[in-house]
Enquirer: 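Please read through the structure below; I'll follow up with questions.
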Amino acid sequence: MPSGVRRTTTSFERVLAGVVPNDHSRQIAAEYYVDHLVAAGDRVLDVGCGPGASADLFLKASPTAHYIGADLEWSPAIEQRRRIDVEFITFDGVHLPLEDGSVDGAFSKQVFEHVRHPQDLLADIVRVLRPGGLFAGSTSQLEPYHSLSFWNYTPHGLRVLFEAAGLEVLELRPGIDSVALIGLRALELMPARLSGQVHPRLANRWWRVESPVNRLIELRGRMQRMQAEEINLAKLLLAGQIAFLARRPDS
């Protein structure tokens with residue numbers, strides 16, 4: 001920010017104090033935290049794993065990783081599962097069939113918007129994490145209904161939910177912006193002859209690079225010499241998805 005300009009702290013900044021990083025302001029996805037999780041230990045639980053595609057990320061990051069995919073007995077995503085090279089377990093959506101403190105890290109990519117009882121599931125994730133273990137992933141904030149989704153979470157609400165379950169929130173970072181997600185959903189509702197070629201091209205681009213609103217916020221931030229934390233806060237305010245990193249305390 002230009003010298004001599006005094007900026008007032010907002011209530012949004014206050015409720016997110018200490019959890020919005022200042023190292024960079026790039027748009028990220030849940031995969032950003034895979035290296036953090038394997039660094040915490042080899043035994044990693046993927047909550048809501050679906051077909052188990054995320055296993056490849058962990059095995060690439062650490063050949064010794066012990067990947068455990070957990071999901072319901074049935075879902076459309078599970079029907080696509082074909083792999084048999086990693087461990088899969090079934091649970092009721094709340095109670096994980098694992099021993100207390102038996103995993104080093106837990107991962108959850110765009111799952112919690114579909115969880116009927118998020119507080120109860122979070123409590124069980126904390127139970128199976130070892131002291132000091134990490135929980136990372138992403139969930140929806142301003143995303144249209146999809147695949148039997150129940151909820152959207154604000155960054156403040158997500159922090160309160162995690163802390164109530166006994167987790168220490170380390171980071172909240174912006175994912176793809178909400179306008180991009182709404183636009184992609186609108187294209188899906190258009191006739192196939194109009195959306196068939198445009199939708200895949202936009203979707204692929206907006207997941208790989210900064211989505212349009214995030215790009216505008218980044219440009220504004222650089223022009224005003226804002227710190228990365230300030231840009232992240234602006235992106236979080238309008239984020240379609242939020243990425244998170246949390247930790248089970250040692251004691």
Enquirer: Could you tell me whether a side-chain N or O of Asp100 sits under 3.5 Å from a main-chain N or O of Arg127, the two making a donor and an acceptor?
Expert: no
Enquirer: Using the ring-ring contact (aromatic ring centres under 6.0 Å, His included) rule, collect all pairs that involve residues 47-66, keeping only residues at least two apart or in two chains.
Expert: Phe58-Phe107
Enquirer: Is there a side-chain contact between Phe91 and Leu98 in this structure, where contact means two heavy atoms from C-beta onward sitting under 4.5 Å apart?
Expert: no
Enquirer: Which one of Val20, Val169, Leu172, Val15 satisfies the side-chain contact (heavy atoms from CB on, under 4.5 Å) criterion with Pro155?
Expert: Leu172
Enquirer: Run the side-chain donor-acceptor check on residues 234-246: report pairs under 3.5 Å with partners two or more places apart or on a different chain.
Expert:
{"residue": "Lys235", "atom": "NZ", "partner": "Ser25", "partner atom": "O", "Å": "2.6"}
{"residue": "Lys235", "atom": "NZ", "partner": "Glu210", "partner atom": "OE1", "Å": "2.7"}
{"residue": "Lys235", "atom": "NZ", "partner": "Glu218", "partner atom": "OE1", "Å": "2.6"}
{"residue": "Gln241", "atom": "NE2", "partner": "Glu143", "partner atom": "OE1", "Å": "3.2"}

Enquirer: If the threshold is 4.0 Å, N to carboxylate O, is there a salt bridge linking Arg248 and Asp104?
Expert: no
Enquirer: Any donor-acceptor pair under 3.5 Å linking the side chain of Arg81 with the backbone of Gly50?
Expert: yes
Enquirer: Do the ring planes of Tyr153 and Phe112 sit parallel (below 30°), tilted (30 to 60°) or perpendicular (above 60°)?
Expert: perpendicular
Enquirer: Look at the side chain of Arg185 and the backbone N and O of Tyr145, then say whether any donor-acceptor pair between them is shorter than 3.5 Å.
Expert: yes
Enquirer: Of the non-hydrogen atoms in Leu96 and Ile125, which two are nearest, and what is the gap between them?
Expert: CD1-CG1, 4.1 Å
Enquirer: Has Ser149 got a side-chain atom pairing as donor or acceptor with His146's backbone, closer than 3.5 angstrom?
Expert: yes
Enquirer: Side-chain contact test, heavy atoms from C-beta onward, threshold under 4.5 Å: evaluate it for Glu13 versus Glu229 and give yes or no.
Expert: no
Enquirer: Is Leu158 close to Val160 at the side-chain level, that is, under 4.5 Å between some pair of heavy atoms?
Expert: no
Enquirer: Taking the side chain as every heavy atom from C-beta outward, state whether Asp23 and Arg173 have any atom pair closer than 4.5 Å.
Expert: yes
Enquirer: Do the non-hydrogen side-chain atoms of Leu181 and Leu142 ever get within less than 4.5 Å of each other?
Expert: no
Enquirer: Is a side-chain donor-acceptor pair under 3.5 Å present for Thr139 with Glu113?
Expert: yes
Enquirer: Does atom NE2 (His156) have a neighbourhood of more than 12 heavy atoms from anything else shown, all under 6.0 Å?
Expert: no
Enquirer: Measuring from Asp46:CG to Asp71:CG, what's the distance to the nearest 0.5 Å?
Expert: 8.5 Å
Enquirer: Is there a donor-acceptor contact under 3.5 Å from the side chain of Asn214 to the main chain of Gln27?
Expert: no
Enquirer: Below 4.0 angstrom, N of the basic side chain to O of the carboxylate: do Asp56 and Arg83 qualify?
Expert: yes
